[in-house]
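Following: one structure in C-alpha cells, then a few remarks.
Just so you know, ligand 1 is whichever comes first in the structure, and atom 1 is the first atom listed for that ligand.
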Amino acid sequence: MVLEAIRYKEGQLQILNQLKLPHQVEYDNVRSAEDGWHAIKEMRTRGAPAIAIVAALSLAVELQTITTSDNVEEVLAFILEKLDYLVTSRPTAVNLSDAARKLKRIVENAAKHDGSDGAAVSKAYCDAAAQMLTDDVADNEGIGKHGAEWIMKHSEGSKVSVLTHCNTGSLATAGYGTALGVIRSLHAQSSLQRAFCTETRPYNQGSRLTAFELVHDKIPATLITDSMASALLRLKGPTEKIAAIVVGADRVAANGDTANKIGTYQLAITAKHHGIKFLVAAPRTTIDLQTPSGDSIVIEERPGKEVTMIKGPRFDGVDVDVNSTEVVSIAASGIDVWNPAFDVTPASLIDGIVTEIGVVEKGEDGKFDLTLAMEAQNEGIKPTSVGGL
Ligand SMILES: CSC[C@H]1O[C@H](OP(=O)(O)O)[C@H](O)[C@@H]1O
C-alpha cells in the first residue's frame, strides 16, 4: 500500500483521516472548500504542504461539481472569495497563503485573456491546483537528495543516524516527505543506520504518523518521547552515530528563523549543546521573504483538551481493538493549559535549510541569504508548486 494522504481525480478528492491513524486507515470525501476548511481545522489532514494542496483541491472539486457560470467575473469572484476563506483554516504554515496568492494570480490572468469565459477561468484554476500534487513530490525528492548528500558530507563513516520531530513524510505532503524524505533518501542509498523519531505531544504526529511511515517502509527506527531527546544525544549520540537532527518547517522567515512543530526549538538548543548538526528541510514554497523574522510569525494555539485528553483504541493488555475508540483524561480537572502548536527556532541554531534545489547555509556574516534560493524560483529554474508561476 502506497501511503497517500491525498487522493485526487477530477471531481473527487479524498483525504486520509489522520486522526484515526495508525490503527485505522479511513479516507474522508472532500466535496467543497467548506469540507476542506473543516478537514484542515480539525487536523484530519495536516502538514504544511498537504494543507495547501488539500485546500486548493477542495475548491477544484467544488468547481468541477457545480454548474459553472459563463460569466468570467462571477467565477473569478467566487474563486477569490473561497481562497480567502480557505486561508483562515490555520495561520502558521505559509504554504496555504502562498498557494492562494499564486492561484489568485493564475485565475486573474486567465480572466484577462480575450474570449475567456467562466469555464476557462475554472479550468485554469483546477489545472494549477492539480499541478501542486505533482510538483510537491518532485520537490520532496529533491529535498531528500540534497539533505542526504549534505549530511553524509558533514559526517564520518558510511552510515549515520538522524533524529526527526513531528511528521514530515507522505502524510504531511503529496508524497515522499521533507525531513522524512531526507531519511528515505539516506535509507535508499544504504547510508542510514537508524532513524529516531519523537512522539511529538500533544497530537503525537511522531508516535502515530512518523512511526507508521517508518514501519511501513521497513526503515530501522526507534520511537522516543519528546523528553528523551537530550539524553539520547548525550548517552547514545556517539554509539548510534547520530549525525543530525532534521525537522520540517511551517514557515521560514526571510532571516531563516523557522516556525515548526512545538518542541523543535528545544531540539535545536540540545543539538547546539551536543555539537549535532540541525537541519530544516522544506520546499521553497515554505520560505516567506515577506516575513522578516520569527518574531512576526503567528503561532496557532489549539484547544487545551488536545493536551488534557488522549484518544485511542481500547487495549485489553494483549490486543488493540482497532474498532474501538476511547477518550480519556490524563490531567487534573480544572488545570489551565497552554497549547501552542508551533514554536520558532532562531536562525542562529540552524546549520542548513534543505530545499529542493540545494542546501542554503549561512554566509561569512553568519546569516542566511534566502533571496538567492527564491530568485532561482522566480527565474523559472523550476516552476513553483502552483502552476509554474
Ligand atoms: C512537511 S510538514 C511541515 C510541518 O507541519 C507539521 O505541523 P502540523 O502537523 O500541525 O500540520 C509540522 O510542524 C511539520 O514539521
Side-chain angles (χ1 to χ4, degrees), residues 3 5-6 15-19 21 39-55 89-99 132 135-137 139-144 147 163-184 197-210 212-213 226 245-252 258-268 278-288 294 297-303 306-307 339-345 350 353-356 385:
L3 287 177
I6 305 163
I15 57 160
L16 183 54
N17 182 342
Q18 299 192 25
L19 290 173
L21 287 175
I40 292 165
K41 186 70 175 178
E42 296 157 20
M43 291 182 70
R44 284 182 281 129
T45 190
R46 32 65 50 201
I51 288 170
I53 294 166
V54 167
S89 54
R90 291 185 75 192
T92 303
V94 69
N95 308 58
L96 173 49
S97 55
D98 179 67
M132 291 173 71
D135 287 353
D136 187 52
V137 175
D139 285 351
N140 297 336
E141 289 169 348
I143 289 167
L163 169 64
T164 193
H165 187 57
C166 196
N167 173 258
T168 59
S170 297
L171 298 175
T173 66
Y176 202 73
T178 57
L180 203 49
V182 174
I183 289 171
R184 285 192 162 105
C197 60
T198 59
E199 68 176 341
T200 316
R201 286 276 292 142
Y203 185 96
N204 298 327
Q205 288 95 332
S207 58
R208 296 191 305 110
L209 308 179
T210 296
F212 181 76
E213 291 201 44
D226 301 326
I245 295 178
V246 192
V247 300
D250 290 84
R251 190 184 295 252
V252 181
T258 296
N260 194 53
K261 186 50 49 195
I262 187 72
T264 302
Y265 174 42
Q266 62 191 28
L267 289 174
F278 188 85
L279 288 177
V280 168
R284 287 175 295 165
T285 49
T286 307
I287 297 173
D288 175 11
I297 298 176
V298 173
I299 299 297
E300 176 189 9
E301 291 202 22
R302 293 190 63 88
E306 291 182 357
V307 174
N339 183 20
F342 304 97
D343 58 26
V344 174
T345 298
I350 299 170
I353 297 173
V354 187
T355 75
E356 66 276 23
S385 286

Protein contact of [atom] - nearest heavy atom, named by residue and atom, plus distance:
atom	result
atom 4 (C) of ligand 1	Asp250 OD1, 3.2 Å
atom 11 (O) of ligand 1	Gly47 N, 2.8 Å
atom 14 (C) of ligand 1	Asn260 OD1, 3.5 Å

Decide whether the shortest distance between a heavy atom of [X] and an atom of ligand 1 is less than 4.0 Å.
X	value
Ala249	yes
Val247	no
His165	no
Arg90	yes

> Under 3.5 Å, is there a donor-acceptor pair between the side chain of Glu356 and the main chain of Arg284?
Replying inline: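 Yes; at least one donor-acceptor contact below 3.5 Å.
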
>> Looking at Gly177, is its backbone amide N or carbonyl O close enough to the side chain of Thr168 to form a donor-acceptor pair, meaning the two atoms are under 3.5 Å apart?
In response: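 Side chain of Thr168 to backbone of Gly177, a donor-acceptor pair under 3.5 Å: no, none is there.
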
>> Let's go through Thr264 and Phe342 carefully: what are the C-alpha distance in whole Å and the side-chain angles of both, what is the deciding distance for side chain to side chain contact (heavy atoms under 4.5 Å, CB included) to 0.1 Å, and is it a yes or a no?
In response: CA-CA 8 Å; Thr264 302; Phe342 304 97; over 6 Å; no

>> Assess, by modelled atom type and distance only, whether the side chains of Arg208 and Asn167 contain a donor and an acceptor separated by less than 3.5 Å.
In response: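 Side-chain D/A pair, Arg208 to Asn167: absent.
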
May I ask you to list the atoms of ligand 1 that are less than 4.0 angstrom from any heavy atom of [X]?
X	answer
Met43	10 (O)
Gly248	15 (O)
Ala48	2 (S), 3 (C), 5 (O)
Gln205	8 (P), 9 (O), 10 (O)

Any side-chain heavy atom of [X] within less than 4.5 Å of one from [Y]?
X	Y	value
Tyr176	Asp139	no
Asp135	Thr285	no
Leu171	Leu21	yes
Val246	Ile183	no
Gln18	Gln205	no

> Backbone or side chain, does any N or O of Ala172 fall under 3.5 Å from an N or O of ligand 1?
Replying inline: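 N/O-N/O distance under 3.5 Å: no.
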
> N/O of Lys261 under 3.5 Å from N/O of ligand 1, yes or no?
Replying inline: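 Between Lys261 and ligand 1 (N or O atoms, distance only) the closest approach is under 3.5 Å.
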
> Under a 4.0 Å N-O cut-off, is there an ion pair linking Arg302 with Glu300?
Replying inline: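 Yes, this pair counts.
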
> Evaluating non-hydrogen atoms only, which member of Ala259, Gly181, Gly169, Cys166 is closest to atom 12 (C) of ligand 1?
Replying inline: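 Heavy atom nearest to atom 12 (C) of ligand 1 belongs to Cys166.
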
> Counting heavy atoms only, which part of Tyr203 comes closer than 4.0 Å to ligand 1: side chain, backbone, both or neither?
Replying inline: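 It is neither; nothing of Tyr203 touches ligand 1.
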
